[in-house]
Enquirer: 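My questions will all concern the structure given below.
From a predicted model like this one, the values you see are computed outputs, not experimental measurements.
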Amino acid sequence: MPPFDLTSRSALEEHYGKPRDIVQKKTLKRLDRHCRNFIAASPFLVIGSSQASGPADVSPRGEAPGFVAVLDDCRLLIPDRPGNRKLDTFSNILENPHVALIFFIPGMNETLRVNGRARLTTDQELLAPLSAQGKAPLAGIIVEVEEAFLHCAKALMRSHLWDPGRHIERRTFPTLGTMIADQVEGIDAEDADKGIDLSYKEKLY
């Protein structure tokens with residue numbers, strides 16, 4: 001073991017010190033009004049999941065603010081929209097129900113984190129109210145909330161994530177089709193970009 005690796009909780013606490021009292025006490029077991037309001041205003045989240053054997057995955061989800069339904073103080077429903085059909089998150093949930101969510105609101109540096117246990121549903125009574133452009137989700141993720149807490153703004157402040165002056169000019173970076181063609185033998189960049197553009201135009205919902 002390399003001599004400078006941190007390999008235990010006690011080593012972490014010795015290196016960093018213990019968290020402040022407010023940090024230790026702020027975790028909730030259910031969604032209060034502030035959590036509900038945050039979710040209602042959020043157009044974007046990232047969900048983390050993992051296989052039973054350990055390999056982990058994170059996946060973005062986003063659309064109009066409030067796209068995630070709060071079913072009650074202890075349950076969320078995340079609608080699933082058309083994607084790449086790899087179904088990584090869904091497959092992971094079938095093996096291991098533990099998930100972690102982080103919600104973002106553009107222009108706000110604080111975030112909301114929710115941890116819990118997930119299951120998949122095709123219940124149309126639950127999914128129909130989450131229809132978009134006349135199409136109900138094919139399925140959804142119900143998350144039973146185990147922990148919910150607001151996260152401080154430091155990471156987004158350091159990154160200047162919402163500062164337009166820090167945004168790159170998209171044309172200075174290769175297209176997605178070009179990058180995939182460089183990574184995968186036999187893929188034509190122009191054809192890939194055409195397929196991606198068509199998917200963006202016709203298959204968002």
Side-chain angles (χ1 to χ4, degrees), residues 1-80 88-121 126 140-163 166:
M1 186 71 65
F4 301 108
D5 284 6
L6 298 169
T7 59
S8 68
R9 179 70 190 190
S10 59
L12 286 174
E13 290 182 352
E14 183 178 351
H15 190 72
Y16 281 100
K18 292 186 178 182
R20 292 181 301 143
D21 191 51
I22 187 174
V23 174
Q24 294 178 319
K25 292 181 177 179
K26 70 177 182 177
T27 301
L28 307 176
K29 298 299 183 183
R30 59 182 60 242
L31 303 172
D32 72 348
R33 63 185 177 91
H34 298 297
C35 295
R36 285 170 170 266
N37 289 340
F38 202 108
I39 292 166
S42 173
F44 183 78
L45 67 85
V46 177
I47 180 170
S49 61
S50 66
Q51 299 173 25
S53 58
D57 178 77
V58 292
S59 178
R61 296 285 194 277
E63 51 188 284
F67 73 101
V68 174
V70 177
L71 301 179
D72 54 46
D73 287 352
C74 296
R75 294 184 303 156
L76 300 174
L77 174 57
I78 306 169
D80 190 59
D88 293 323
T89 302
F90 277 17
S91 297
N92 288 346
I93 289 170
L94 293 176
E95 293 188 25
N96 175 5
H98 297 283
V99 297
L101 315 174
I102 183 166
F103 290 87
F104 296 81
I105 299 175
M108 183 171 178
N109 286 327
E110 292 78 16
T111 53
L112 174 68
R113 293 170 58 177
V114 177
N115 301 323
R117 297 172 66 89
R119 69 179 192 272
L120 309 179
T121 184
L126 292 176
I141 302 171
I142 295 176
V143 178
E144 304 277 351
V145 177
E146 295 178 333
E147 296 182 321
F149 57 95
L150 295 162
H151 195 102
C152 78
K154 290 179 181 177
L156 272 69
M157 291 174 67
R158 288 190 287 251
S159 68
H160 299 276
L161 185 64
W162 308 125
D163 181 358
R166 303 292 186 105

Enquirer: With sequence neighbours excluded, tell me which residues meet side chain to side chain donor-acceptor pair (under 3.5 Å) with S53.
Expert: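 Checked S53 against side chain to side chain donor-acceptor pair (under 3.5 Å); zero matches.
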Enquirer: When you measure from the side chain of D32 to the backbone N and O of H34, does any donor-acceptor pair fall under 3.5 Å?
Expert: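 Here the side-chain-to-backbone pair exists.
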Enquirer: Quick one: list whatever passes salt bridge (Lys or Arg N to Asp or Glu O under 4.0 Å) with R119, sequence neighbours left out.
Expert: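 Listed in chain order: E144.
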Enquirer: Is the backbone of A155 close enough, under 3.5 Å, to the side chain of S159 for a donor and an acceptor to pair up by distance?
Expert: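 Such a contact is found between S159 side chain and A155 backbone.
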Enquirer: Between R30 and D72, does at least one N-O distance fall below 4.0 Å, as a salt bridge requires?
Expert: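 No.
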Enquirer: Looking at E14, I want to see if its CD is surrounded by more than 12 non-hydrogen atoms of other residues, nucleotides or ligands under 6.0 Å.
Expert: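 Open: at most 12 neighbouring heavy atoms sit under 6.0 Å from CD of E14.
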Enquirer: Which word best sums up how the rings of F44 and F104 line up, parallel for under 30°, tilted for 30 to 60°, or perpendicular for over 60°?
Expert: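 Ring orientation, 0 to 90° scale: tilted.
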Enquirer: Quick one: salt bridge (Lys or Arg N to Asp or Glu O under 4.0 Å) pairs with a partner in residues 104-113, sequence neighbours left out?
Expert: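 Passing the test, one end in residues 104-113: no pairs.
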Enquirer: What pair of heavy atoms forms the shortest contact from M108 to W162, and how long is it?
Expert: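 Heavy atoms only, the tightest pair is O-NE1, 3.0 Å.
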Enquirer: Keeping N96 on the side-chain end and N92 on the backbone end, is there a donor-acceptor pair under 3.5 Å?
Expert: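 Not a single qualifying donor-acceptor pair exists.
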Enquirer: With sequence neighbours excluded, what pairs up with R117 under the salt bridge (Lys or Arg N to Asp or Glu O under 4.0 Å) test?
Expert: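 If we apply the salt bridge (Lys or Arg N to Asp or Glu O under 4.0 Å) test to R117, skipping adjacent residues, there are no hits.
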Enquirer: Could you work out, with side chain to side chain donor-acceptor pair (under 3.5 Å) as the rule, every residue matching H160, not counting sequence neighbours?
Expert: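 Residues passing side chain to side chain donor-acceptor pair (under 3.5 Å) with H160: R166.
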Enquirer: Pair L77, T121 - check side chain to side chain contact (heavy atoms under 4.5 Å, CB included), show working.
Expert: CA-CA 9 Å; L77 174 57; T121 184; 4.1 Å; yes
Enquirer: Kindly state each residue pair satisfying salt bridge (Lys or Arg N to Asp or Glu O under 4.0 Å) with at least one member in residues 55-65, sequence neighbours excluded.
Expert: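 Only R61-D80, E63-R81 qualify under salt bridge (Lys or Arg N to Asp or Glu O under 4.0 Å).
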